[in-house]
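Read the structure below first, then the notes.
Order of appearance sets the numbers: ligands from 1, and atoms from 1 within every ligand.
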Amino acid sequence: MVGLRKLPGMPGWSAALGLRLPQKFLFLLFLSGLLTLCFGALFLLPDSSRFKRLFLPRRATAAASSSSSSSASSASSSSSTRDTDLPRSPPAAAEPRHASPAAPRRLREKLRAAARMAGPPARTAPGSRQQGQGGERRAEPATGAPPARERRAPFRFDYERFRRSLRHPVRGGRPGEDPETRARRVKIKEMMKFAWDNYKQYALGKNELRPLTKNGHIGNMFGGLRGATVVDALDTLYIMELEEEFQEAKKWVEKSFDLNVNGEASLFEVNIRYIGGLLAAYYLTGEEVFKSKALELGEKLLPAFNTPTGIPRGVINLGSGMSWSWGWASAGSSILAEFGTLHLEFLHLSELSGNPVFAEKVMNIRKVLNRVEKPQGLYPNFLSPVTGNWVQHHVSIGGLGDSFYEYLIKSWLMSDKKDSEAKKMYDDALEAIEKHLVKKSAGGLTYIAEWRGGILDHKMGHLACFSGGMIALGAEHAGEGRKQHYVDLAAEITNTCHESYARSDTKLGPEAFRFDAGTEAMATRLSERYYILRPEVVESYMYMWRLTHDPKYRQWGWEVVKALEKHCRVEAGFSGIRDVYTTTPTHDNMQQSFFLAETLKYLYLLFCEDDVLSLDDWVFNTEAHPLPVNHTNFKASVQ
Ligand code: DMJ
């Protein structure tokens, strides 16, 4: 201690004070106590204090701060700041904290900008310590400028600016279609009204309608959340201009949609149906209630990502935040189609909240997927959230894999074609699929087989029939000389799926169809003969129509409408059937929510002009909820 050393020729400071040894000791003790007290007091100063910033390093300042990363969204969703909403998640082991270095530069810049724009958590008690949803903590920006809470007003998504950026009116504006097309569209609208009215009458607030027994079904997929059909139907009602019905649905969301539930939910299903449905309803209407519910629900999903790799587990308790893998998923694995189908919705949660945490979670998933070695360039369906390695080599473009591929091409489109990493992943995956899984039957039908450790299973699920539409969507943007190839491939697959319908007695397709032992595009097992009002085949008709305007797609769509009316319409709604190969099928007594979200929406759009929910402006999530293409970088604004 230079200042206390005795200098030659000078009397010592203690001698000058005339102190003896015990007194010196006491004096030093007092001095050091005083210094400790002063230093400790620095932590009690507000972050804005210059004095504090002068003496404390930046990291210590941030750690002592009570601000939390989570809560730009809290600024816009007041309920998300309640104590009861704070994370009750299991300890976050090796939680990934930052956006992937693999994230495209523009996205990373946007995340940083969003973080800068994020305001302080609303109603956080001064001086209290709060950890953000998802266990994130954010330091003040190291700029030397006053901390964010002094400078920034709460984050606000600029809805008006977004609406101005759309290239087409949401519900279209082109007149002049032929009367037959119009009549068909009106018929589909009537089917939607019938499905909704019966749900409302017999099951409002339950998840699905049971149209034979005229009651509601709750099920166990949504963790105690109710009203899956309401949320799934919102945007279809809006697009079809069923105004009164839309208002009924909106009122239910405002008054009765309770997010404080405590049950086991599928992360994937909650995301695609509820978050997707709410986000779409918000973007279409600008009604804040949809946005705030989506953000609040999004935060409840974050604890599922607290795994060593950041790959979320499939099941989450929405009350406790505990998450785990499906019992049937081998060795505690997570499912490709589940953790790979969050990207679109989570980017929008970040856009609307100003909170980068959602985007960080899904960019980290991409990072893990890019790191792991792919057998023959293929993505198996089961991945360990602990090690980040594949657990089983089963590859399928149908169930368990399907919408992962869909979200790659749609991520690129939604980024206004800037997310080139997603495009490359899609191109590479499709190339591998084509090389290893795409086959032609003896009868000349193109299909996509499944792959089990190198052995092909010559089966195509109904779910895999979305791929005609996906390949059509990507075809326009395929590399030099590949466009026509992919248009043809999409057309061939869509044709095969149509054949699976055409070869049945009901003209509706089975859950799975095979190409072996002399069978072509038909189910061979009793357990695969059912049809549960699924959308994938009409989804592909809709994309093929928009791409080619070949009238056969409208014709095929109309055949489906007639078959639905004949075999699935019952007194109080629409029901799935147990066997598509009999003209007197028995009903499964279930009107699935995706029938209103997807099947009827895609059928309706098939008979609309292309500017209704134009593909220039919108991408459909895997539940057919339209999410906007980012034309403007959605510049955040401050109120
Ligand atoms: C829908 O919930 C979604 O399309 C999902 O991706 C899988 N399929 C069902 C309907 O068949």
Hey, is the main chain of [Y] close enough, under 3.5 Å, to the side chain of [X] for a donor-acceptor pair?
X    : Y    : answer
K291 : L278 : no
S396 : G399 : yes
S333 : L383 : no
N630 : M414 : no

Query raised in the report: Looking at ligand 1, does any of its N/O atoms fall within less than 3.5 Å of an N/O of E536?
Result: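 Min N/O separation from ligand 1 is below 3.5 Å for E536.
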
Query - Polar proximity ligand 1 side, E269 side, N/O cut 3.5 Å exclusive - result: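 Between E269 and ligand 1, no N or O pair is found under 3.5 Å apart.
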
Query - Region of E623 engaging ligand 1 - heavy atom pairs below 4.0 Å - result: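 Within the 4.0 Å criterion, E623 contacts ligand 1 through side-chain atoms alone.
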
Report task. Give the contacting part of E598 toward ligand 1: side chain, backbone, both or neither, where contact means a heavy-atom distance below 4.0 Å. Result ->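 Looking at E598 and ligand 1, just side chain atoms fall under 4.0 Å.
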
Report task. Can you sort out which atoms of ligand 1 are near P535, meaning under 4.0 Å from one of its heavy atoms? Result ->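 Within the 4.0 Å cut-off of P535, ligand 1 contributes 10 (C), 11 (O).
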
Requested in this report: From atom 7 (C) of ligand 1, work out which of T341, L463, L533 has a heavy atom at the shortest distance.
Outcome: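 Answer by nearest heavy atom: L463.
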
Query raised in the report: What is the nearest protein non-hydrogen atom to atom 4 (O) of ligand 1, stated with its residue, atom name and distance?
Result: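 Going by distance alone, atom 4 (O) of ligand 1 is nearest to T622 O, 2.7 Å.
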
Requested in this report: Over 60° means perpendicular and under 30° means parallel, so classify the ring planes of F305 and F346, tilted if in between.
Outcome: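 Geometry flag for F305 against F346: tilted rings.
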
Report task. Would you please indicate if the ring centroids of Y426 and Y405 are separated by under 6.0 Å? Result ->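 For Y426 and Y405, the ring centres are not under 6.0 Å apart.
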
